[in-house]
Amino acid sequence: MNAFVVEDDPTLASTLMDAMVAFGITVIGHAGDVPSALAWLDKGLIPDLALIDILLPSGPAYPIVDRLRELPTALVLITGLDCTQIKTPYRDITCLEKPFGMHELLEAITNLVDR
């Protein structure tokens, strides 16, 4: 399994990528803003899993989510918001509220993979 991480906080991005490796998941890409994430997706790489921070400095990550929904990619939204504040069309996506523990992240990923 491989993962794409979209997170603007360098410390959290590093923690998430380290967690992926610890879970046996290969991180194939990372972006910290919407344009960089979309440019990465334009390369044609298809991640099995994407962790996406919804609130990025360049704007909400919904365009990234829309692109990834077209692919066979499992999605986990991560946010400093309450998950009920995610736009309605995206509320069916697994959501974790910051701060969350790595156990919660592993559980969310496991639930997606087991579907």
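Keep in mind that the numbers below use all heavy atoms, side chains included, and drop hydrogens, waters and symmetry copies. Positions are given from 1 along the sequence.
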Taking C-beta and beyond as the side chain, do [X] and [Y] meet within less than 4.5 Å on heavy atoms?
| X | Y | answer |
| --- | --- | --- |
| P47 | L68 | yes |
| D8 | L55 | no |
| I54 | Q85 | no |
| D66 | Y90 | yes |
| T15 | M102 | yes |
| L77 | L96 | no |
| I109 | T94 | no |

Would you compute the distance between atom [atom1] of [X] and atom [atom2] of [Y] and round it to the nearest 0.5 angstrom?
| X | Y | atom1 | atom2 | answer |
| --- | --- | --- | --- | --- |
| L105 | L51 | CG | CG | 5.5 Å |
| W40 | L45 | CH2 | CG | 4.5 Å |
| L56 | D9 | CG | CG | 11.0 Å |
| E7 | D53 | CD | CG | 4.0 Å |

Legend entry - Shared hydrophobic cluster, L49 / I78 (ILVMFWY, side-chain heavy atoms < 4.5 Å):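 Same hydrophobic cluster.
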
Legend entry - From T73, L41, N2, residue fulfilling side-chain contact (heavy atoms from CB on, under 4.5 Å) relative to I46: T73

Legend entry - Residues which pass salt bridge (Lys or Arg N to Asp or Glu O under 4.0 Å) with D82, listed by chain and number, not counting sequence neighbours: none

Legend entry - Check ion pair R69-D92 (N to O, under 4.0 angstrom):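 Between D92 and R69 there is a salt bridge, with a charged N closer than 4.0 Å to a carboxylate O.
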
Legend entry - salt bridge (charged side-chain N to carboxylate O under 4.0 Å, His left out) between R67 and D42, worked out: CA-CA 10 Å; R67 285 279 298 278; D42 286 342; 2.8 Å; yes

Legend entry - R91: partners by side chain to side chain contact (heavy atoms under 4.5 Å, CB included), with sequence neighbours left out: I86, T88

Inset, instruction - Among residues two or more places apart or on two chains, list those pairs meeting side-chain hydrogen bond (donor to acceptor under 3.5 Å, both in side chains) that have a residue in residues 19-34. - result: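 For residues 19-34: D33-S36.
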
